[in-house]
Amino acid sequence: MSRAAFVLFAWLFFNGLAPALAADISAHQQGVLIKGPIQKGDYAKIVQFVRHPDNYERFARSVFLDSPGGDFDETVKIARLLEKSHAATHVVPGARCYSACFILWMSGVSRHVPSSASLGVHRINVKVNGQPMDPASERFASIARIVENYMAALGTPRTILDKMNATASANMFVINQRWLADQQLLVALSYRMGFMDAAQMHCGPEPYAAAVKDKTPMTEEEAKGWGAQIKRWMGCADELRARNQKADVLTIAALLDDSDANP
């Protein structure tokens, strides 16, 4: 997608439900928290925060999200940094990650949404001279395809893209852990495309997917063993993520030196 297209989306996409306030960037647990609507200038704020020696390891480890969405152009710049940093993304327990925030969540190498939190998607919100563009128009369809292709490249499943396109921009299709499990998407969304294959080659088959396929009820002892197996596999996958992160340190440094982030 061209830079000009991103600039266009900065004011026409994902802004329908977000008030004009900037996100708050802060240390949270062992990671970094992005809280509030994503607006112009937030990418520069994040880069300045991450450049501090005490904060880079936090950002590289985990990024926690609690946001109703916001500016698409700014979101994509933050998402690129997340992708290259090999960070894990988490929705804060009890919080929401809606609209453009869903893109940030999808940019993590590993992604987590607790049972008390929710994700949300809806159709893009395009305005011309302050008036909503007709969703049936050819121009709207062209813009929607560009956005959909970008989200698909992050690994967004077809089921979620269809729900997004079918939900009016003034509404929200809410996604929680239970819905993902019912749609058998929990594993598919837990890790970035490509990383899951690499992790299974290094750590062995992902145990949750095998358990879902096996309909035989587990005994209490089997359930305990399965839980331990999942914990070991996730630990192995996280070690692989950290190694990839170290190998890509020059790319990450180049993004942090991006002139767009300089005040």
Side-chain angles (χ1 to χ4, degrees), residues 28-32 34 50 56-65 78-93 97 101-115 117 119 149-161 175-216 218 222-253 255:
H28 180 75
Q29 297 181 13
Q30 293 185 324
V32 172
I34 300 175
V50 173
Y56 173 70
E57 286 190 9
R58 285 181 170 278
F59 184 85
R61 186 182 297 114
S62 297
V63 174
F64 295 86
L65 302 165
I78 299 168
R80 286 181 62 236
L81 185 58
L82 276 169
E83 285 185 80
K84 294 299 182 183
S85 297
H86 302 280
T89 51
H90 307 253
V91 184
V92 175
C97 180
C101 180
F102 181 78
I103 290 177
L104 295 184
W105 186 76
M106 284 295 299
S107 298
V109 168
S110 59
R111 311 160 182 139
H112 310 270
V113 54
S115 58
L119 302 159
N149 289 341
Y150 179 79
M151 294 180 69
L154 290 175
T156 308
R158 181 74 255 169
T159 303
I160 292 179
L161 292 173
I175 300 167
N176 56 30
Q177 194 182 83
R178 176 68 178 272
W179 184 85
L180 290 172
D182 288 346
Q183 299 295 314
Q184 297 188 355
L185 292 175
L186 201 55
V187 174
L189 282 181
S190 292
Y191 295 93
R192 185 186 300 168
M193 287 191 308
F195 181 79
M196 175 63 88
D197 294 337
Q200 292 194 115
M201 286 182 64
H202 181 73
C203 305
E206 197 281 317
Y208 182 84
V212 169
K213 290 179 182 177
D214 186 354
K215 304 298 183 182
T216 307
M218 290 184 182
E222 286 174 334
K224 287 180 180 178
W226 178 64
Q229 186 181 2
I230 288 178
K231 188 174 181 180
R232 286 194 300 271
W233 192 93
M234 291 178 69
C236 177
D238 196 55
E239 288 176 5
L240 179 63
R241 178 179 70 85
R243 286 205 295 274
N244 289 343
Q245 196 172 60
K246 290 178 181 177
D248 211 15
V249 67
L250 293 179
T251 303
I252 299 168
L255 280 171

Shortest non-hydrogen separation from [X] to [Y] and the atoms involved:
{"X": "Trp105", "Y": "Cys97", "answer": "CB-SG, 4.1 Å"}
{"X": "Met106", "Y": "Leu189", "answer": "SD-CD2, 3.5 Å"}
{"X": "Gln177", "Y": "Leu186", "answer": "CG-CD1, 4.1 Å"}
{"X": "Ala237", "Y": "Ala199", "answer": "CB-CB, 4.3 Å"}
{"X": "Ala152", "Y": "Leu161", "answer": "CB-CD1, 4.0 Å"}
{"X": "Val91", "Y": "Pro114", "answer": "O-CD, 3.2 Å"}

Heavy-atom distance under 4.5 Å between the side chains of [X] and [Y], does that happen here?
{"X": "Ile160", "Y": "Gln183", "result": "no"}
{"X": "Phe102", "Y": "Met151", "result": "yes"}
{"X": "Leu119", "Y": "Trp179", "result": "no"}
{"X": "Leu104", "Y": "Val63", "result": "no"}
{"X": "Cys236", "Y": "His202", "result": "yes"}

Q: Would you confirm whether Arg111, through its side chain, and Ser190, through its main-chain N or O, come within 3.5 Å as a donor-acceptor pair?
A: no
Q.
Looking at Ser107, is its backbone amide N or carbonyl O close enough to the side chain of Arg192 to form a donor-acceptor pair, meaning the two atoms are under 3.5 Å apart?
A. yes
Quick one: [atom1] on [X] to [atom2] on [Y], what's the gap to the nearest 0.5 Å?
{"X": "Lys231", "Y": "Gln229", "atom1": "NZ", "atom2": "CD", "value": "14.0 Å"}
{"X": "Ile103", "Y": "Ile78", "atom1": "CD1", "atom2": "CD1", "value": "11.0 Å"}
{"X": "Ser110", "Y": "Leu240", "atom1": "OG", "atom2": "CG", "value": "11.0 Å"}
{"X": "Tyr150", "Y": "Thr156", "atom1": "OH", "atom2": "OG1", "value": "9.5 Å"}
{"X": "Leu65", "Y": "His28", "atom1": "CG", "atom2": "NE2", "value": "10.5 Å"}

Q: Can you label the angle between the Phe64 ring and the His90 ring as parallel, tilted or perpendicular, going by 30° and 60°?
A: parallel
Q) Is the number of heavy atoms from other residues, nucleotides or ligands within 6.0 Å of CZ (Arg178) greater than 12? A) no
